K.L.:
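One structure, as C-alpha coordinates, below. Some questions next.
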Amino acid sequence: PQQPPPQQPPPQQPPPQQQPPQSGSMAFQHDPNFVSAFDSKEGWRSHMERPTAFLDEQLSKRTGRWDHLCNVCEKAMGRGAQDHLCSQGHYKALWQNMSGHGIPPPEIAAQMASRPWVQSFDVPGGTYVFNHLTGGQQLHLVDAAPSPVPSPAPSPAPAVNGVAAASPPAPWMQQQLQQQQKLPKAVHNPGYASALQSIEEWRAFMESPSMLFENFLTENNLLGVPCAVSGLQMDHGAHAHLTSEAHWKELWEKFRAIGLPPPDVACDMTLNRRPWVQCIEMPG
(Lines give C-alpha, C1' and ligand atoms only; values in the text may rest on other atoms or scores of the structure.)
Protein backbone atom coordinates (compact mmCIF):
# COMPACT_ATOMS: atom_id res chain seq x y z
CA PRO A 1 0.00 0.00 0.00
CA GLN A 2 1.14 3.51 -0.79
CA GLN A 3 2.26 5.70 2.09
CA PRO A 4 0.50 9.09 2.39
CA PRO A 5 2.76 12.00 1.43
CA PRO A 6 4.46 13.64 4.40
CA GLN A 7 2.65 16.70 5.67
CA GLN A 8 4.37 20.00 5.11
CA PRO A 9 5.00 22.04 8.28
CA PRO A 10 2.84 25.15 8.50
CA PRO A 11 4.60 28.30 7.34
CA GLN A 12 6.21 30.24 10.15
CA GLN A 13 4.47 33.47 11.07
CA PRO A 14 6.68 36.55 11.36
CA PRO A 15 7.04 37.83 14.93
CA PRO A 16 4.54 40.55 15.80
CA GLN A 17 6.00 43.98 15.30
CA GLN A 18 5.64 46.63 17.99
CA GLN A 19 3.26 49.30 16.81
CA PRO A 20 4.28 52.94 17.23
CA PRO A 21 2.47 54.75 20.04
CA GLN A 22 -0.86 56.27 19.05
CA SER A 23 -1.97 59.60 20.46
CA GLY A 24 -4.03 59.19 23.64
CA SER A 25 -3.42 55.43 23.97
CA MET A 26 -0.98 53.76 26.35
CA ALA A 27 2.45 53.56 24.72
CA PHE A 28 3.71 51.44 27.64
CA GLN A 29 1.37 49.67 30.05
CA HIS A 30 1.26 50.29 33.81
CA ASP A 31 2.95 47.81 36.15
CA PRO A 32 0.97 47.68 39.44
CA ASN A 33 3.83 46.00 41.35
CA PHE A 34 5.54 49.28 42.27
CA VAL A 35 4.68 48.87 45.98
CA SER A 36 6.75 45.69 46.41
CA ALA A 37 9.45 47.12 44.11
CA PHE A 38 10.01 49.90 46.65
CA ASP A 39 11.28 47.35 49.18
CA SER A 40 14.82 47.42 47.76
CA LYS A 41 16.89 49.32 45.24
CA GLU A 42 17.46 46.07 43.33
CA GLY A 43 13.72 45.49 43.14
CA TRP A 44 13.17 49.03 41.95
CA ARG A 45 15.86 48.76 39.29
CA SER A 46 14.26 45.58 37.98
CA HIS A 47 10.80 47.21 38.06
CA MET A 48 11.96 50.24 36.05
CA GLU A 49 14.41 48.64 33.63
CA ARG A 50 12.03 47.97 30.73
CA PRO A 51 9.83 51.12 30.94
CA THR A 52 12.83 53.46 31.27
CA ALA A 53 14.57 51.84 28.29
CA PHE A 54 11.40 52.47 26.29
CA LEU A 55 11.24 56.05 27.60
CA ASP A 56 14.86 56.61 26.55
CA GLU A 57 14.07 55.35 23.07
CA GLN A 58 10.99 57.55 22.67
CA LEU A 59 12.56 60.76 24.00
CA SER A 60 15.71 60.29 21.96
CA LYS A 61 13.76 59.56 18.79
CA ARG A 62 11.33 62.42 19.25
CA THR A 63 13.61 65.16 20.61
CA GLY A 64 17.16 64.09 19.76
CA ARG A 65 18.15 64.71 23.39
CA TRP A 66 19.10 62.62 26.42
CA ASP A 67 19.42 65.29 29.12
CA HIS A 68 15.77 65.89 30.00
CA LEU A 69 14.90 67.15 33.47
CA CYS A 70 13.65 64.73 36.14
CA ASN A 71 10.82 66.41 38.05
CA VAL A 72 11.31 64.17 41.09
CA CYS A 73 14.99 65.03 41.62
CA GLU A 74 14.91 68.39 39.81
CA LYS A 75 18.08 67.32 37.99
CA ALA A 76 18.97 66.81 34.35
CA MET A 77 19.16 63.15 33.32
CA GLY A 78 22.57 63.64 31.73
CA ARG A 79 23.13 59.98 30.87
CA GLY A 80 19.58 59.32 29.77
CA ALA A 81 16.32 58.38 31.47
CA GLN A 82 17.15 54.73 32.14
CA ASP A 83 20.47 55.45 33.83
CA HIS A 84 18.93 58.12 36.06
CA LEU A 85 15.52 56.60 36.86
CA CYS A 86 17.10 53.25 37.84
CA SER A 87 19.76 54.90 40.00
CA GLN A 88 19.92 54.72 43.78
CA GLY A 89 19.72 58.53 44.06
CA HIS A 90 16.44 58.70 42.15
CA TYR A 91 15.06 55.69 44.06
CA LYS A 92 15.74 57.45 47.38
CA ALA A 93 14.29 60.78 46.19
CA LEU A 94 11.10 59.14 44.92
CA TRP A 95 10.75 57.10 48.12
CA GLN A 96 11.10 60.21 50.28
CA ASN A 97 8.60 62.16 48.17
CA MET A 98 6.01 59.38 48.28
CA SER A 99 6.56 58.70 52.00
CA GLY A 100 5.52 62.28 52.71
CA HIS A 101 1.90 61.74 51.68
CA GLY A 102 1.60 57.96 51.36
CA ILE A 103 1.97 55.56 48.46
CA PRO A 104 -1.27 55.49 46.44
CA PRO A 105 -3.10 52.28 45.55
CA PRO A 106 -2.55 50.98 41.99
CA GLU A 107 -5.84 52.34 40.62
CA ILE A 108 -4.92 55.86 41.77
CA ALA A 109 -1.27 55.54 40.80
CA ALA A 110 -2.29 54.66 37.23
CA GLN A 111 -3.98 58.03 36.73
CA MET A 112 -1.98 60.03 34.19
CA ALA A 113 -3.04 63.61 34.95
CA SER A 114 -2.46 66.12 37.77
CA ARG A 115 -0.45 63.74 39.95
CA PRO A 116 2.97 64.51 41.48
CA TRP A 117 4.36 61.20 40.19
CA VAL A 118 3.36 61.94 36.57
CA GLN A 119 5.75 63.93 34.36
CA SER A 120 5.14 65.42 30.93
CA PHE A 121 7.94 65.89 28.39
CA ASP A 122 7.55 68.32 25.52
CA VAL A 123 7.97 66.60 22.15
CA PRO A 124 7.35 67.98 18.66
CA GLY A 125 3.60 68.13 18.13
CA GLY A 126 2.55 67.42 21.71
CA THR A 127 3.67 65.86 24.99
CA TYR A 128 4.96 62.47 26.14
CA VAL A 129 3.73 61.50 29.61
CA PHE A 130 5.61 59.19 32.00
CA ASN A 131 4.39 57.67 35.27
CA HIS A 132 7.26 57.50 37.79
CA LEU A 133 5.52 54.79 39.83
CA THR A 134 4.02 52.38 37.33
CA GLY A 135 6.24 53.07 34.31
CA GLY A 136 3.11 53.71 32.21
CA GLN A 137 3.57 56.04 29.24
CA GLN A 138 1.25 58.00 26.97
CA LEU A 139 1.69 60.12 23.88
CA HIS A 140 -0.53 63.16 23.38
CA LEU A 141 -0.36 64.82 19.98
CA VAL A 142 -2.07 68.05 19.05
CA ASP A 143 -3.62 67.87 15.62
CA ALA A 144 -2.28 70.67 13.45
CA ALA A 145 -5.05 72.85 12.13
CA PRO A 146 -5.11 73.18 8.34
CA SER A 147 -3.83 76.46 7.00
CA PRO A 148 -6.72 78.75 6.10
CA VAL A 149 -7.26 79.38 2.40
CA PRO A 150 -6.86 83.10 1.72
CA SER A 151 -10.03 84.65 0.38
CA PRO A 152 -10.37 87.86 -1.58
CA ALA A 153 -11.22 90.98 0.36
CA PRO A 154 -15.01 91.45 0.47
CA SER A 155 -16.51 94.36 -1.37
CA PRO A 156 -18.02 97.03 0.83
CA ALA A 157 -21.68 96.38 1.48
CA PRO A 158 -24.12 98.94 0.14
CA ALA A 159 -25.61 101.47 2.51
CA VAL A 160 -29.02 100.67 3.94
CA ASN A 161 -31.31 103.58 4.70
CA GLY A 162 -28.36 105.92 4.35
CA VAL A 163 -26.27 104.01 7.00
CA ALA A 164 -23.08 102.43 5.70
CA ALA A 165 -22.48 98.77 6.63
CA ALA A 166 -19.61 97.95 8.97
CA SER A 167 -16.24 97.68 7.24
CA PRO A 168 -13.93 94.68 7.81
CA PRO A 169 -11.41 95.12 10.66
CA ALA A 170 -8.34 97.17 9.86
CA PRO A 171 -5.08 95.20 9.44
CA TRP A 172 -3.75 96.31 12.84
CA MET A 173 -6.98 95.14 14.50
CA GLN A 174 -6.83 91.78 12.72
CA GLN A 175 -3.29 91.31 13.99
CA GLN A 176 -4.41 92.12 17.53
CA LEU A 177 -7.25 89.59 17.31
CA GLN A 178 -4.84 86.95 16.07
CA GLN A 179 -2.53 87.65 19.02
CA GLN A 180 -5.46 87.26 21.43
CA GLN A 181 -6.31 83.90 19.87
CA LYS A 182 -2.78 82.72 20.66
CA LEU A 183 -3.15 83.40 24.38
CA PRO A 184 -3.40 80.26 26.56
CA LYS A 185 -6.94 79.33 27.52
CA ALA A 186 -7.10 78.63 31.26
CA VAL A 187 -9.44 79.48 34.11
CA HIS A 188 -8.56 80.40 37.67
CA ASN A 189 -8.30 77.63 40.25
CA PRO A 190 -9.25 78.91 43.72
CA GLY A 191 -7.58 75.97 45.48
CA TYR A 192 -4.16 77.65 45.74
CA ALA A 193 -4.32 78.09 49.53
CA SER A 194 -4.47 74.36 50.26
CA ALA A 195 -2.04 73.58 47.44
CA LEU A 196 0.64 75.75 49.07
CA GLN A 197 0.67 73.49 52.13
CA SER A 198 3.08 70.96 50.57
CA ILE A 199 5.36 70.71 47.56
CA GLU A 200 3.51 67.60 46.37
CA GLU A 201 0.15 69.37 46.39
CA TRP A 202 1.68 72.42 44.70
CA ARG A 203 3.15 70.32 41.90
CA ALA A 204 -0.20 68.66 41.27
CA PHE A 205 -1.92 72.07 41.39
CA MET A 206 0.48 73.71 38.90
CA GLU A 207 1.02 70.72 36.59
CA SER A 208 -1.55 71.63 33.95
CA PRO A 209 -1.32 75.47 33.97
CA SER A 210 2.48 75.48 33.94
CA MET A 211 2.51 73.13 30.94
CA LEU A 212 0.02 75.40 29.16
CA PHE A 213 2.19 78.42 29.98
CA GLU A 214 5.34 76.67 28.73
CA ASN A 215 3.67 75.68 25.46
CA PHE A 216 2.58 79.29 24.98
CA LEU A 217 6.13 80.59 25.55
CA THR A 218 7.57 77.99 23.19
CA GLU A 219 5.09 78.70 20.40
CA ASN A 220 5.85 82.42 20.60
CA ASN A 221 9.66 82.07 20.85
CA LEU A 222 9.71 83.52 24.36
CA LEU A 223 12.03 80.99 26.00
CA GLY A 224 14.32 82.21 28.77
CA VAL A 225 11.76 84.55 30.32
CA PRO A 226 12.64 85.27 33.98
CA CYS A 227 10.22 84.34 36.74
CA ALA A 228 8.66 87.43 38.35
CA VAL A 229 8.50 85.70 41.74
CA SER A 230 12.09 84.51 42.09
CA GLY A 231 13.78 86.67 39.45
CA LEU A 232 15.52 83.56 38.10
CA GLN A 233 15.69 82.53 34.46
CA MET A 234 13.43 79.56 33.71
CA ASP A 235 16.29 77.76 31.96
CA HIS A 236 14.62 74.34 31.99
CA GLY A 237 11.23 75.71 30.96
CA ALA A 238 8.28 77.24 32.80
CA HIS A 239 6.83 73.86 33.76
CA ALA A 240 9.99 72.61 35.48
CA HIS A 241 10.55 75.93 37.26
CA LEU A 242 6.99 76.69 38.42
CA THR A 243 6.55 73.18 39.85
CA SER A 244 9.99 73.14 41.52
CA GLU A 245 10.54 73.18 45.26
CA ALA A 246 12.65 76.34 44.99
CA HIS A 247 9.82 78.31 43.34
CA TRP A 248 7.25 76.93 45.79
CA LYS A 249 9.39 78.05 48.76
CA GLU A 250 9.95 81.51 47.28
CA LEU A 251 6.24 81.97 46.62
CA TRP A 252 5.37 80.71 50.11
CA GLU A 253 7.81 83.14 51.76
CA LYS A 254 6.38 86.09 49.82
CA PHE A 255 2.81 85.31 50.78
CA ARG A 256 3.72 84.60 54.37
CA ALA A 257 4.94 88.20 54.53
CA ILE A 258 1.93 89.84 52.84
CA GLY A 259 -0.78 87.28 53.57
CA LEU A 260 -2.73 85.10 51.14
CA PRO A 261 -5.39 87.07 49.26
CA PRO A 262 -8.98 85.79 49.02
CA PRO A 263 -9.94 84.19 45.69
CA ASP A 264 -11.76 87.25 44.32
CA VAL A 265 -8.62 89.35 44.86
CA ALA A 266 -6.20 86.64 43.73
CA CYS A 267 -8.05 86.34 40.42
CA ASP A 268 -7.56 90.02 39.67
CA MET A 269 -5.34 90.09 36.57
CA THR A 270 -4.81 93.88 36.62
CA LEU A 271 -1.25 94.53 35.51
CA ASN A 272 1.30 96.25 37.75
CA ARG A 273 -0.98 96.04 40.76
CA ARG A 274 -0.69 92.44 41.89
CA PRO A 275 2.70 90.90 42.85
CA TRP A 276 1.49 87.46 41.75
CA VAL A 277 0.59 88.55 38.19
CA GLN A 278 3.37 88.48 35.58
CA CYS A 279 3.19 90.35 32.27
CA ILE A 280 5.00 88.86 29.29
CA GLU A 281 5.71 91.23 26.42
CA MET A 282 5.02 89.68 23.02
CA PRO A 283 6.49 90.72 19.69
CA GLY A 284 4.17 93.18 17.99
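Bear in mind that the values here come from a model prediction, so they are computed numbers and not experimental data.
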K.L.:
Where is the tightest heavy-atom contact between Asn131 and Met48, given as atom of each residue plus distance?
P.N.:
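Shortest heavy-atom separation between Asn131 and Met48 comes out as O-CE, 4.3 Å.
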K.L.:
Angle between ring planes, Phe54 versus Phe28, binned at 30° and 60°: parallel, tilted or perpendicular?
P.N.:
tilted
K.L.:
Measuring from atom CG of Asp56 to atom CZ of Arg79, what distance do you get when rounded to the nearest 0.5 angstrom?
P.N.:
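Asp56 CG to Arg79 CZ: 13.0 Å, rounded to 0.5 Å.
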K.L.:
Could I get the full list of side-chain contact (heavy atoms from CB on, under 4.5 Å) partners for Lys249, not counting sequence neighbours?
P.N.:
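Result, side-chain contact (heavy atoms from CB on, under 4.5 Å) vs Lys249: Glu245.
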K.L.:
Could you point out which residue of Val129, Val123, Thr127 forms a side chain to side chain contact (heavy atoms under 4.5 Å, CB included) with Leu139?
P.N.:
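The option that passes is Val123.
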K.L.:
So which atom in Ser36 and which in Asn33 form the shortest heavy-atom distance, rounded to 0.1 Å?
P.N.:
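Where Ser36 meets Asn33 most closely, the heavy atoms are OG-O, 3.1 Å.
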K.L.:
Please identify which of these residues, Met112, Glu107, Gln111, meets the side chain to side chain contact (heavy atoms under 4.5 Å, CB included) condition with His30.
P.N.:
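It is Met112, the one option of Met112, Glu107, Gln111 that forms the side chain to side chain contact (heavy atoms under 4.5 Å, CB included) with His30.
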K.L.:
Taking the side chain from Trp117 and the backbone from Ala109, do they hold a donor-acceptor pair closer than 3.5 Å?
P.N.:
yes
K.L.:
Looking at Leu141 and Pro124, what are the two nearest heavy atoms and their distance?
P.N.:
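Scanning both residues, the minimum pair turns out to be CD2-O, 4.2 Å.
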K.L.:
Flag the pair Trp202 / Trp252 as yes when at least one side-chain heavy-atom distance between them is below 4.5 Å, and no otherwise.
P.N.:
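No - every pair of side-chain heavy atoms lies 4.5 Å or more apart.
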K.L.:
Please answer: with hydrophobic residues joined when any side-chain heavy atoms are less than 4.5 Å apart, are Val229 and Leu196 in the same cluster?
P.N.:
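In one cluster: yes.
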K.L.:
Under a 3.5 Å threshold, yes or no: a donor from one side chain and an acceptor from the other, between His68 and Thr63?
P.N.:
yes
K.L.:
Just wondering, do Ile280 and Gln278 contact through their side chains at under 4.5 Å, heavy atoms?
P.N.:
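Contact flag for Gln278/Ile280 side chains = yes.
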K.L.:
Does any donor atom in the side chain of Gln138 or His140 lie under 3.5 Å from an acceptor atom in the other side chain?
P.N.:
yes
K.L.:
I want to check something: taking the side chain as every heavy atom from C-beta on, are Thr243 and Trp248 in contact at a cut-off of under 4.5 Å?
P.N.:
no
K.L.:
Using the rule that two of Ile, Leu, Val, Met, Phe, Trp, Tyr join whenever any of their side-chain heavy atoms come within less than 4.5 Å, decide whether Met206 and Met211 are in one cluster.
P.N.:
no
K.L.:
How far does CD of Gln137 sit from CD of Gln29, to the nearest 0.5 angstrom?
P.N.:
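Interatomic distance, Gln137 CD to Gln29 CD, rounded to 0.5 Å: 10.5 Å.
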K.L.:
Could you check whether any side-chain N or O of Ser60 sits under 3.5 Å from a backbone N or O of Glu57, counting only pairs where one atom can act as donor and the other as acceptor?
P.N.:
no
K.L.:
Is any side-chain heavy atom of Val118 closer than 4.5 Å to a side-chain heavy atom of His132?
P.N.:
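No - every pair of side-chain heavy atoms lies 4.5 Å or more apart.
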K.L.:
Using the rule that Ile, Leu, Val, Met, Phe, Trp and Tyr join whenever any side-chain heavy atoms are under 4.5 Å apart, tell me whether Tyr128 and Leu69 fall into a single cluster.
P.N.:
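No; Leu69 is not reachable from Tyr128 via cluster members.
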K.L.:
Report yes if the side chains of Phe205 and Ser194 come closer than 4.5 Å at any heavy-atom pair, otherwise no.
P.N.:
no
K.L.:
Compare all side-chain heavy atoms of Trp44 with those of Glu42 and state whether any distance is below 4.5 angstrom.
P.N.:
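Answer no - side chains too far apart.
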K.L.:
So does Gly43 get a backbone contact from the side chain of Ser46, meaning a donor-acceptor N/O pair under 3.5 Å?
P.N.:
no
K.L.:
Should Leu260 and Ile199 be regarded as members of a common hydrophobic cluster, given that ILVMFWY residues are connected when their side-chain heavy atoms come within less than 4.5 Å of each other, either directly or indirectly?
P.N.:
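Looking at the clustering, Ile199 is in the same group as Leu260.
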K.L.:
Closer than 4.0 angstrom, basic N to acidic O: yes or no for Glu201 and Arg115?
P.N.:
no
K.L.:
Carefully, step by step, assess Glu207 and Ser120 under the rule side-chain contact (heavy atoms from CB on, under 4.5 Å).
P.N.:
CA-CA 9 Å; Glu207 176 74 20; Ser120 297; 3.7 Å; yes
K.L.:
What's the spacing between Phe38 CZ and Tyr91 OH if we round to 0.5 Å?
P.N.:
7.5 Å
K.L.:
What orientation do Phe216 and Phe213 show, parallel under 30°, tilted 30 to 60°, or perpendicular over 60°?
P.N.:
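Parallel.
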K.L.:
Drop me the distance from Leu217's CG to Met234's CE, to the nearest 0.5 angstrom.
P.N.:
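Those atoms lie 6.0 Å apart.
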K.L.:
To the closest 0.5 Å, what do you measure between CG (Leu55) and CE (Met77)?
P.N.:
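These two atoms lie 6.5 Å from each other.
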K.L.:
Within a reach of under 6.0 Å around CZ of Arg65, are more than 12 heavy atoms found that belong to other residues, nucleotides or ligands?
P.N.:
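Counting neighbours around CZ of Arg65, more than 12 heavy atoms of other residues, nucleotides or ligands fall under 6.0 Å, so yes.
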K.L.:
So do the side chains of Leu251 and Ser230 get within less than 4.5 Å of each other, counting heavy atoms only?
P.N.:
no
K.L.:
To the nearest 0.5 angstrom, please state how far the OG atom of Ser210 sits from the NE2 atom of His241.
P.N.:
11.0 Å
K.L.:
Between Leu232 and Val225, is there shared hydrophobic-cluster membership here, with clusters defined by ILVMFWY side-chain heavy atoms closer than 4.5 Å?
P.N.:
no
K.L.:
Does some side-chain heavy atom of Glu200 sit less than 4.5 Å from a side-chain heavy atom of Met98?
P.N.:
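No, their side chains stay 4.5 Å or more apart.
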